[in-house]
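Taking it in order: structure first as structure tokens, then the write-up.
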Amino acid sequence: MRYETYIKYMAVLSKNYSKNIFNPKDIDMVDLWFMMLEHYEDNVFITAIQKIMLNEIFAPNLATISKYCSEVAAPVEVDDTEGWGIVVKAINKYGYMRAEEAMNSLPYTVRKAVERVGGLEMICSCEEPDVIRGQFNRAMAAINQAEKTRRREKSGLIQALALTNRQEEQPKIEIKEHKMTSKTVVQEGMQQIDQVLKEIGLRRA
């Protein structure tokens, strides 16, 4: 995904909610979120943003945005050996001369595997179908494994960020509660002093 697309549509998403979820001046946050989302293609990210705006009442966090992007990019996980059948169907439907349309019809992971073996043109022109199929299946397996690893790492990072945010907010809450408690103690103490002075017939100046 292009950085320009990311900035533009994150700003659009933020304007859709009363809570400001994206601050372009916070460079660290902007760069970190982009690092987590940049592997998605422009059209996938744009579609995901549109779906979020239509379906989410409350402002989304990074995990929600990533979830929608993943669903748009690969609505159904394709097994290592299932991808080849999807490619063959796309070729039969669109033909060699409409390779671009055929590529756009493929799930994200299948499209990446096709690109890794040289594209649809290479698959169509290869004189050894079993060889190119074997290469494709190995590419699918590698891509699926990489996707699973990336999701685990991303999930771990998101959880770590959430924990860090909670830890940063906790001291503020404790300080506020301490101030409120101290103020209450002082008030109660002054009331007790006044009561004692009344009982002995004196007034505190």
Side-chain angles (χ1 to χ4, degrees), residues 1-10 13 30-52 54-56 60-162:
M1 172 171 53
R2 293 174 301 163
Y3 190 77
E4 294 79 6
T5 300
Y6 162 72
I7 293 294
K8 176 181 177 180
Y9 282 90
M10 283 300 299
L13 180 64
V30 171
D31 289 347
L32 178 61
W33 282 35
F34 182 66
M35 180 184 71
M36 302 295 289
L37 299 168
E38 65 176 326
H39 62 282
Y40 294 112
E41 297 180 356
D42 282 21
N43 63 321
V44 169
F45 183 69
I46 293 170
T47 302
I49 295 298
Q50 293 171 342
K51 287 181 175 292
I52 291 172
L54 290 173
N55 293 287
E56 296 295 329
N61 55 20
L62 176 59
T64 301
I65 297 172
S66 178
K67 172 177 172 289
Y68 273 85
C69 287
S70 296
E71 290 176 352
V72 172
V76 179
E77 290 191 11
V78 180
D79 185 76
D80 298 351
T81 57
E82 291 176 345
W84 182 257
I86 296 174
V87 172
V88 172
K89 288 180 180 178
I91 293 173
N92 290 336
K93 180 178 180 180
Y94 294 98
Y96 176 81
M97 300 302 295
R98 298 167 62 189
E100 184 176 353
E101 292 180 70
M103 283 290 285
N104 291 335
S105 72
L106 299 175
Y108 172 76
T109 52
V110 177
R111 186 164 63 250
K112 290 299 181 182
V114 171
E115 292 173 351
R116 189 168 293 189
V117 299
L120 286 178
E121 292 84 355
M122 176 65 71
I123 292 175
C124 293
S125 61
C126 182
E127 297 180 355
E128 298 180 277
D130 290 340
V131 173
I132 195 70
R133 178 176 180 174
Q135 293 174 350
F136 175 86
N137 286 342
R138 287 193 292 273
M140 274 295 302
I143 290 170
N144 281 337
Q145 183 59 47
E147 281 292 305
K148 291 176 182 177
T149 301
R150 181 188 58 78
R151 288 171 189 163
R152 285 196 301 269
E153 292 175 347
K154 183 172 65 176
S155 177
L157 180 55
I158 290 173
Q159 291 175 2
L161 288 172

Inset, instruction - For Tyr68 and Glu56, work out which heavy atoms get closest and say how close. - result: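 Looking at all heavy atoms of both residues, the closest pair is OH-OE2, 2.7 Å.
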Legend entry - Over all atoms of both residues, closest heavy-atom pair of Ser105 and Ala90: OG-CB, 4.0 Å
Inset, instruction - Have a look at Leu37 and tell me which of Ile65, Val44, Leu32 forms a side-chain contact (heavy atoms from CB on, under 4.5 Å) with it. - result: Ile65
Kindly list each side-chain donor-acceptor pair under 3.5 angstrom involving residues 117-127, sequence neighbours excluded, with atom names and distances?
residue, atom, partner, partner atom, Å
Ser125, OG, Glu121, O, 2.8
Ser125, OG, Met122, O, 3.4

Show every donor-acceptor pair shorter than 3.5 Å between a side-chain atom in residues 130-142 and any protein atom, with sequence neighbours excluded, or say none if there are none.
none

Inset, instruction - May I ask you to decide if Ala63's main-chain N or O and Ser66's side chain share a donor-acceptor pair within less than 3.5 Å? - result: no
Inset, instruction - Say whether, by atom type as modelled, one donor and one acceptor occur between the side chain of Tyr6 and the main chain of Val30 under 3.5 angstrom. - result: yes
State the [atom1]-[atom2] distance between [X] and [Y], to the nearest 0.5 angstrom.
X      : Y      : atom1 : atom2 : answer
Ile46  : Tyr9   : CD1   : OH    : 4.0 Å
Lys93  : Glu101 : NZ    : CD    : 9.5 Å
Leu106 : Tyr94  : CG    : OH    : 9.0 Å
Thr109 : Ile143 : OG1   : CD1   : 7.0 Å
Cys69  : Ile52  : SG    : CD1   : 6.5 Å
Ile91  : Met103 : CD1   : CE    : 10.0 Å

Inset, instruction - May I ask you to decide if the ring planes of Tyr3 and Phe34 are parallel, tilted or perpendicular, using 30° and 60° as cut-offs? - result: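 Aromatic pair Tyr3/Phe34 classed perpendicular.
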Inset, instruction - Answer whether the closest heavy-atom distance between the side chains of Gln145 and Thr149 falls below 4.5 Å. - result: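 Yes. Closest side-chain heavy atoms under 4.5 Å.
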Inset, instruction - Not counting sequence neighbours, which residues clear ring pair (Phe, Tyr, Trp, His ring centres under 6.0 Å) with Phe45? List them please. - result: none
Legend entry - Pair Arg111 + Glu41, salt bridge at N-O below 4.0 Å: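 Salt bridge between Arg111 and Glu41, a charged N being under 4.0 Å from a carboxylate O: yes.
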